Amino acid sequence: MAAYLVAGSPRGEAELKISRITTWSVDLPLVRPYSLSGGRLKFERLDGTIVKLDTDDGVVGWGEGTPWGSTYLPAFARGIRVGVQELAPAVLGLDPRQTDVVYRAMNLALPGHPYIKSPLDMACWDIAAKAAGLPLCDMLGGRTQGSVRLHSSIPSGTPSELMAEIDINRSEGYRFHSAKLGADVEADIERMRFLDAEMEPGEEITFDINRAWLPSEAVAVLNTNRDINRVIEQPCETLDQHLQLRRLVGQPLAIDESLQGLGDMLRIVETNACEVIGLKVGRVGGLTVAKQIRDVAVQAGIRMNIEDTGSTSLGATAAVQLAQATPEPFRRATWLCFDHLTHNPVEGGVTNDAGFATAPAEPGIGAYPDEAALGEPFAVHAT
Ligand code: MG
């Protein structure tokens, strides 16, 4: 396991400066090809970026930015690596424990592009927690009781294909499934009814449409299946469409892709748009922003799936640290994307323990990329 410093340095007294930024590209093939929304998105591998921050004090921080393919969200996988190079001069020399100061410096250097900032922000939080000698969850509000429930991610397909995937995930301990629908109205009516009836006592399922329905299609499916009272996730493209839909259907709604920052969260609360949000660390721009959104959601009584957009166990563990610092019942579930990968070049971190994950107790995120497995860096910037 990689080394981290927990004692012996004059933390809180001396400055701590980011002295080097190393960026790697990681190719992450999926165990099985994945389809969203009736096959409109299909891919076989993820393009990940791992970032390491060195400090002049020897404390090291790790961050990750891995989109769930480049077609799911406004994210350009290769662009993350180039964007980090754009941000590097603004971040070098800053104290990584001052996460808001670093974030404002990144916003000045590169407006927008939140997903590019997430790996650098994540690495700063890793260092801040290591420097404090605390697990990251204790920097994000404090460890809460229990473990974080996992949800599966079931790719779109025929009813039998969906059930075959659910059975694989059941064998791995999952009791909460997120099934991807979004083909045509008749097929989705059938698939919802079929999967709902197949759920065993104690199992839970969410139907995730990933923006595929027009409002009229959503109304047709959901009102035909009005007796199925399951959470329906991101049925349409925009928040305004969800507000329109909300007046016409009875099922609880979740907003995922339409939540891209704190401003979206404030509007969600103002308009009473949903009961659940998908809080994806990479999409909103990192742990700094995700924590702000988490705090607003708790205040508003909205439950959260707290996870990353896709990741090795580094990004997943960082997300679980935030979830672990979020009390029940607001902490609904998290997703371990790395369960879908053929290899995971990271040591330590969270594991799937019969459908639950627990944030590591050591200082920092608690997950350590294997530098030898990462190979030659994409780029190195140093002071
Ligand atoms: Mg979703």
Side-chain angles (χ1 to χ4, degrees), residues 30 34-43 46 66-75 114-115 118 148-157 162 165-166 169 174 176-183 188 191-192 195 204-213 217-218 221-222 230-239 241-242 245-246 249 251-261 264-265 268 273-285 290 293-294 297 302-311 315-316 319-320 322-323 326 330-340:
L30 300 174
Y34 196 99
S35 295
L36 278 173
S37 306
R40 75 189 166 109
L41 307 173
K42 184 169 186 177
F43 42 90
L46 303 181
T66 303
W68 187 234
S70 278
T71 52
Y72 165 57
L73 289 168
Y115 62 100
S118 184
V148 181
R149 182 170 58 156
L150 305 178
H151 70 79
S152 67
S153 181
I154 306 298
S156 196
L162 285 154
E165 278 287 334
I166 287 174
N169 281 273
Y174 289 95
F176 180 8
H177 308 286
S178 174
K180 311 303 176 186
L181 302 185
D188 284 334
R191 291 190 292 180
M192 262 185 80
L195 294 177
E204 187 169 339
I205 191 165
T206 287
F207 298 107
D208 189 356
I209 317 304
N210 292 113
R211 329 192 291 275
W213 287 338
E217 293 172 317
V221 175
L222 298 179
R230 306 281 190 181
V231 171
I232 308 299
E233 184 167 321
Q234 192 77 34
C236 301
E237 185 73 35
T238 67
L239 187 55
Q241 290 171 338
H242 290 119
L245 180 64
R246 196 148 171 80
V249 303
Q251 287 90 349
L253 296 185
I255 300 287
D256 191 9
E257 290 96 309
S258 290
L259 172 58
Q260 299 183 14
D264 292 327
M265 187 65 214
I268 283 169
C274 58
E275 285 74 22
V276 172
I277 57 168
L279 178 49
K280 289 189 166 62
V281 173
R283 185 183 61 224
V284 301
I293 293 173
R294 186 276 309 267
I302 293 174
R303 302 184 72 199
M304 290 164 269
N305 295 339
I306 300 177
E307 55 210 20
D308 213 341
T309 52
S311 66
V320 168
L322 180 60
T326 303
F330 302 101
R331 177 182 78 210
R332 185 169 180 256
T334 191
W335 174 52
L336 301 186
C337 172
F338 63 86
D339 267 1
H340 295 257

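Not measured: the values here are computed from a predicted model. Just so you know, these numbers use all the heavy atoms, side chains as well, and skip hydrogens, waters and symmetry mates. For ligands, and for the atoms within them, numbers begin at 1 and follow the listed sequence.
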Could you tell me how the ring of Trp335 sits relative to the ring of His151: parallel (under 30°), tilted (30 to 60°) or perpendicular (over 60°)? parallel

Who are the side chain to side chain donor-acceptor pair (under 3.5 Å) partners of Ser153, not counting sequence neighbours? Tyr34

So, does Gln251 use its side chain to make a donor-acceptor pair with the main chain of Val231 at under 3.5 Å? no

Does a side-chain N-to-carboxylate-O contact under 4.0 Å join Glu307 and Arg332? no

Excluding waters, how many protein N/O/S atoms sit closer than 2.8 Å to the Mg ion (ligand 1)? 3

Is the side chain of Asp188 donor-acceptor paired with the backbone N or O of Ala183 at a distance under 3.5 Å, no angle test? yes

Correct closest heavy-atom pair for Ala290 and Leu279 would be O-CD2, 3.5 Å

